Amino acid sequence: MAQISHKQLRKFLAPYKITAGKKFRLDEFDPADTGGLGSEFKGNAKELLAKGVDWLADAQSKLYAQNQWGVLLVFQAMDAAGKDSTIKHVMSGVNPQGVQVTSFKAPSAEELDHDYLWRCIKALPERGRIGIFNRSYYEEVLVVRVHPEFLAGQQLPRSLLTKNIWKQRFEEIAGFERYLASNGYLVLKFFLHVSEQEQKKRFLERLDQPDKNWKFSAADVKERQFFKDYMKAYEDAIRHTAAPHAPWFVVPADNKWFTRLVVAGAIVDAMDGLDLHYPKVGARQRAELDKARQLLQSQ
Ligand code: ATP
Ligand code: MG
């Protein structure tokens, strides 16, 4: 971001970026962490975010022109952690033609008639574009793990339903992300880490504030009883799928201003590493451009 150096940005992101999962423990991460910045920094954070958003708009336009790399941003979180508003804020400056957001809900009958990656593969961004997955194939080792009845509904042959299924899925997902990386996709995964107390507070706001009532879902409140199971499932998923080519970011999500800063910073840092530039025009193309100019001027 413009006012902080690349080195500072790296240092800022380091505590949240997981590239190897073996030693990862979720309880070492505080959802209320603000990187030592007090709430008086909120104004600066807004300014920095705006700079990051501008930078991203420019990078996305080069990504599109170059048409080589693709970018996949995966967002996972508990309800009310702020996925939607983070996506909205961080992508606010980007040309809508270059970005596609796909939200993955409980699978349809048609989706259940296929392998679990099918619907996600169909939604992958083309080269030159940014694809955002609002939930993703990770649900297959999160909600499906917490609620085994979903697994039972997946029409898998019985002989394949062994106790190794989660390990297998981790390997499949890790393999899929490796495949994407070696095909020119930048894969970044964000876990917006909200605390149980903050989630409760946000649900109560949805009940108390009329303009937030529409967001309230009684099912989400029921799902809270599985909070700890979800945290275990997230920890295990991150442990098995964090990699240098597909890092996880465990983003503190109790303070929205900080969540947005970390997410924007992570995307800026990673896209900066792609060496994006507008395609250079060679001598032959230049001659053609000159010809076109002459033709236009003579008309
Ligand atoms: P919001 O509530 O902000 O609209 P959301 O992502 O929570 O966003 P919902 O429609 O409320 O959207 O929830 C989608 C639900 O679908 C989640 O509870 C999620 O766990 C569930 N889901 C997603 N993928 C699967 C899957 N493969 N199997 C079963 N459930 C899934
Ligand atoms: Mg929901």
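Note that these values count all heavy atoms, side chains included, but never hydrogens, waters or copies made by symmetry. Note that ligands are numbered from 1 as they come in the structure, with each ligand's atoms numbered from 1 the same way. Not measured: the values here are computed from a predicted model.
In terms of polar-atom proximity, Ala106 is counted as a contact of ligand 1, with an N or O under 3.5 Å from an N or O of the ligand. Some N or O of Lys105 is nearer than 3.5 Å to an N or O of ligand 1, by distance alone. Looking at ligand 1, you won't find any N or O of Gln154 less than 3.5 Å from one of its N or O atoms. Taking distance alone, with nitrogen or oxygen atoms compared against 3.5 Å, Asp220 stays at or beyond that limit from ligand 1. Here's the thing with Asn134: none of its N/O atoms is less than 3.5 angstrom from an N/O atom of ligand 1.
Every atom of ligand 1 is numbered from 1 in the order shown, and the set under 4.0 Å from a heavy atom of Glu140 is 27 (N). Proximity to Val144 (heavy-atom distance under 4.0 Å) selects the following atoms of ligand 1: 28 (N). For ligand 1 and Arg119, the ligand atoms under 4.0 Å from any heavy atom of the residue are 24 (N), 25 (C), 26 (C), 27 (N). Close approach of ligand 1 to Glu139 is summarised as follows: ligand atoms under 4.0 Å from at least one heavy atom of the residue are 19 (C), 20 (O), 23 (C), 24 (N), 25 (C). Interface atoms of ligand 1 facing Phe104, defined by a heavy-atom separation under 4.0 Å, are 23 (C).
Using a 4.0 Å threshold on non-hydrogen atoms, atom 20 (O) of ligand 1 counts as touching the protein.
Proximity of Val194 to Leu192: side-chain heavy atoms (C-beta onward) are nowhere separated by under 4.5 Å. Counting heavy atoms from C-beta outward, Val144 and Phe150 have side chains that approach closer than 4.5 Å. Between His240 and Asp236 the shortest side-chain heavy-atom distance falls below 4.5 Å. When side chains are defined from C-beta on, Trp257 does not count as touching Lys46, because their heavy atoms never get closer than 4.5 Å. Between Ile18 and Phe29, the closest side-chain pair of non-hydrogen atoms falls below 4.5 Å.
Protein heavy atom closest to atom 30 (N) of ligand 1, with residue, atom name and distance, is Val143 CG1, 3.5 Å. Protein heavy atom nearest atom 6 (O) of ligand 1, with residue, atom name and distance: Arg135 NE, 2.6 Å. The shortest contact between atom 11 (O) of ligand 1 and any protein heavy atom is with Asp79 OD1, 4.6 Å.
The closest approach between Lys83 and ligand 1 falls below 4.0 Å for a heavy atom of the residue. Residue Pro107 places a heavy atom less than 4.0 Å from ligand 1. Contact analysis leaves Glu149 out of contact with ligand 1, as no non-hydrogen atom separation drops below 4.0 angstrom.
His147 and Phe226 have their aromatic ring centers within a separation under 6.0 angstrom. No close placement of the Tyr138 and Phe104 rings is indicated, their centers lying 6.0 Å or farther apart. Less than 6.0 angstrom separates the ring centroid of Phe12 from the ring centroid of Phe258.
The number of protein N, O or S atoms lying under 2.8 Å from the Mg ion (ligand 2) is 1.
Although no hydrogens or angles enter the test, the distance criterion places no donor-acceptor pair under 3.5 Å between the side chain of Arg145 and the main chain of Trp166.
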N/O donor to acceptor pairs below 3.5 angstrom from side-chain atoms of residues 282-293, sequence neighbours left out:
from, atom 1, to, atom 2, distance (Å)
Gln285, OE1, Gly282, N, 3.4

>> Before you tell me yes or no, could you show the steps for Phe191 and Leu26 under side-chain contact (heavy atoms from CB on, under 4.5 Å), namely the whole-Å CA-CA distance, both residues' side-chain angles and the distance that decides it to 0.1 Å?
In response: CA-CA 11 Å; Phe191 168 44; Leu26 188 55; 3.9 Å; yes

> Could you walk me through whether Leu274 and Gln66 pass the side-chain contact (heavy atoms from CB on, under 4.5 Å) check?
Replying inline: CA-CA 11 Å; Leu274 297 181; Gln66 202 174 5; over 6 Å; no

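Using cut-offs of 30° and 60° on the angle between ring planes, the pair Phe133 and Tyr137 is perpendicular.
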